[in-house]
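Start at 1 and go down the list; that is how both ligands and their atoms are numbered.
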Amino acid sequence: MGRQLLCDLSDARRTVSVIREYLPDVVVHAQALSDVERCERNPHLAQAMNVTALSHVVQALEGLPTLLIALSSDYVFDGSKLAPYEEADEPHPISVYGRTKWQGEQVTLSRSQSLIVRTSTLFGLGRVNFCDHIVTQLANGKTLDAFDDQVTSPTYTEDLASAIQALIEVLPTCELSGLSSRIIHIANAGACRRLDFAYQIADELACSRTQIRAVSMVHSGLVAQRPRYSALATTYIAHLIGRGLRPWQDALKEYLSQRH
Ligand SMILES: NC(=O)c1ccc[n+]([C@@H]2O[C@H](COP(=O)([O-])OP(=O)(O)OC[C@H]3O[C@@H](n4cnc5c(N)ncnc54)[C@H](OP(=O)(O)O)[C@@H]3O)[C@@H](O)[C@H]2O)c1
């Protein structure tokens, strides 16, 4: 394992000194405030964490040949397309989170040696996520609510990381200037409603689907609006790395077997 350095990205000077000390070949920027409700309630914090911190990284990389890959989100879209979003589709965010992620994209793309990776509805080891919440509720015999009017592309963090790794490996033969887009969608194949995602977990764990209550996102009382449809088209990443990501159901099955 490589050397580990801690860096508060809200501190511009510290960010410069860490990057200049380490001189990385590649920076994968995964820092963000991804709590959509918290962003809506605190737009200044969202701006600081999703835009300003990223701009510190971009400033710190000035003059360096480092490849910057910054993660972004399906929430840059408004959800009105109702078909998988392509990289070329125009963002139209409907939340503070989505708007600040889009601003972050623009900060990233202002630097030539940089890529955006948009992904969606992450589950994986580490931080408690939507999937873990469902598992806990089902295991405790409790009922839970899941939206029947929001469709996304659930994505396993292991698969996202391995696709990013594969992308980094093919890039020397595929110079950034030769890319048709510096925005790349990476998600597990397929899309589903949050409700279907919860049903799939129940099925995998041999729990009853009756513990899951279908509710409407639109009437849920959430402060931030979410796109009702934000599946991501992933033919471009498949073309770049020579393979598509597996279906989200297969990735979920593996995750559920690993988290026990
Ligand atoms: N979660 C999703 O479903 C989802 C969907 C689409 C796109 N994305 C994007 O994927 C990326 C990762 O999201 P996530 O949900 O995995 O986020 P997360 O779990 O909240 O992780 C964010 C990371 O940022 C770090 N961080 C926060 N403030 C920092 C600072 N000032 N300096 C240095 N590090 C800082 C956090 O460190 P600590 O651990 O120390 O707090 C944490 O490790 C983001 O770009 C997000 O927009 C996420």
Side-chain angles (χ1 to χ4, degrees), residues 4-19 22 24 27-40 42 44-60 68-77 79 85 87 91 93 95-109 114-134 147 150-161 163-164 183-188 191-192 194 197 224 226-227 229-232 234 237 245 248 251-252 255:
Q4 203 178 44
L5 294 174
L6 293 179
C7 178
D8 176 359
L9 298 177
S10 68
D11 181 339
R13 283 173 47 182
R14 171 81 181 142
T15 305
V16 170
S17 87
V18 165
I19 285 184
Y22 196 72
V27 169
V28 179
H29 179 86
Q31 172 272 339
L33 180 62
S34 60
D35 180 332
V36 180
E37 291 294 283
R38 206 166 154 218
C39 286
E40 204 71 18
N42 197 337
H44 294 295
L45 183 64
Q47 183 77 21
M49 288 184 71
N50 293 340
V51 188
T52 311
L54 180 50
S55 73
H56 292 160
V57 175
V58 168
Q59 284 160 23
L68 169 63
I69 299 179
L71 290 183
S72 188
S73 166
D74 53 336
Y75 278 26
V76 298
F77 298 115
Y85 279 95
E87 285 82 356
S95 65
V96 170
Y97 172 68
R99 194 181 71 233
T100 53
K101 291 305 292 183
W102 190 28
Q103 284 177 268
E105 290 188 2
Q106 289 156 47
V107 167
T108 305
L109 294 177
S114 305
L115 296 174
I116 301 292
V117 165
R118 289 195 192 122
T119 189
S120 170
T121 319
L122 295 175
F123 60 92
L125 293 174
R127 207 162 282 237
V128 174
N129 53 65
F130 176 63
C131 177
D132 300 322
H133 169 69
I134 295 168
F147 296 147
Q150 187 191 24
V151 173
T152 64
S153 299
T155 300
Y156 186 25
T157 50
E158 286 282 332
D159 290 357
L160 171 65
I164 291 174
I183 298 173
I184 302 169
H185 291 175
I186 302 184
N188 279 115
C192 65
R194 291 262 180 176
F197 189 69
R226 275 95 167 145
Y229 184 99
S230 58
L232 295 175
T234 53
I237 183 67
L245 275 66
W248 65 265
L252 177 64
Y255 173 55

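The protein heavy atom nearest to atom 44 (C) of ligand 1 is Ala32 CB, 3.4 Å. The shortest contact between atom 3 (O) of ligand 1 and any protein heavy atom is with Leu122 N, 2.9 Å. Summary of contacts: the protein heavy atom closest to atom 11 (C) of ligand 1 is Ala30 O, 3.5 Å. For atom 45 (O) of ligand 1, the closest non-hydrogen atom on the protein side is Lys101 NZ, 2.8 Å. Ranking protein heavy atoms by distance to atom 28 (N) of ligand 1, first place goes to Met49 CE, 3.4 Å. The nearest heavy-atom contact from the protein to atom 31 (N) of ligand 1 is Asp8 OD1, 2.9 Å. Residue, atom and distance of the protein heavy atom nearest to atom 34 (N) of ligand 1 are Gln31 CG, 3.6 Å. Scanning all protein heavy atoms for the shortest distance to atom 15 (O) of ligand 1 gives Ser34 OG, 2.7 Å.
Using a cut-off of 4.0 Å between Lys/Arg side-chain N and Asp/Glu carboxylate O, Glu37 and Arg226 are scored as salt-bridged.
In this structure, NE2 on His185 lies 8.5 Å from OG on Ser72, to the nearest 0.5 angstrom. Here Ile186 contributes atom CD1 and Ile69 contributes atom CD1; the two are 7.5 Å apart, rounded to the nearest 0.5 Å. The CG atom of Asn50 sits 8.5 Å away from atom CG of Leu45, with the distance rounded to the nearest 0.5 Å. Of the inter-residue distances, the one linking Cys39 atom SG with His44 atom NE2 reads 13.0 Å to the nearest 0.5 angstrom. In this structure, the separation between CG on Leu122 and CG on Asn129 is 8.5 Å, given to the nearest 0.5 Å.
For Arg127, a nitrogen or oxygen atom sits less than 3.5 Å from a nitrogen or oxygen atom of ligand 1, counting backbone and side chain alike. Backbone and side-chain nitrogen or oxygen atoms of Ser73 are examined, and none is located within less than 3.5 angstrom of a nitrogen or oxygen of ligand 1. Checking only distances, Asp74 never comes within under 3.5 Å of ligand 1, N or O to N or O. The shortest N or O to N or O distance between Leu9 and ligand 1 is under 3.5 Å. Considering backbone and side-chain N/O of Thr119, none are found under 3.5 Å from N/O of ligand 1.
Put simply, part of Tyr97 is less than 4.0 Å from ligand 1, judged by heavy atoms. Between Ala53 and ligand 1 there is no heavy-atom distance shorter than 4.0 Å. Using a 4.0 Å heavy-atom cutoff, Ser72 is listed among the residues neighbouring ligand 1. Put simply, no part of Ala70 is less than 4.0 Å from ligand 1, judged by heavy atoms.
Side chains of Arg13 and Val16 form no contact here, defined as non-hydrogen atoms less than 4.5 Å apart. Residues Val117 and Leu160 have side chains in contact (heavy-atom distance under 4.5 Å, counting atoms from C-beta outward). You'll find the side chain of Lys101 stays beyond 4.5 Å of the side chain of Tyr75, heavy atoms only. Residues Leu125 and Tyr255 have side chains in contact (heavy-atom distance under 4.5 Å, counting atoms from C-beta outward). Residues Val57 and Leu68 meet the side-chain proximity criterion, which asks for heavy atoms closer than 4.5 Å.
Using a 4.0 Å cut-off to heavy atoms of Ser10, the atoms of ligand 1 that qualify are 31 (N). In the vicinity of Cys7, heavy-atom distances shorter than 4.0 Å reach the ligand 1 atoms 32 (N), 33 (C). Atoms of ligand 1 found under 4.0 Å from any heavy atom of Thr121 (numbered from 1 in listed order, with element): 3 (O), 5 (C). Close approach to Ser120 involves these atoms of ligand 1, each under 4.0 Å from a residue heavy atom: 5 (C), 6 (C).
Between Trp248 and Phe197, the ring center distance clears the sub-6.0 Å criterion.
Classified by interplanar angle (parallel below 30°, tilted 30° to 60°, perpendicular above 60°), the ring pair Tyr229/Tyr85 is tilted.
Inside a 4.0 Å radius of atom 8 (N) of ligand 1 there is at least one protein heavy atom.
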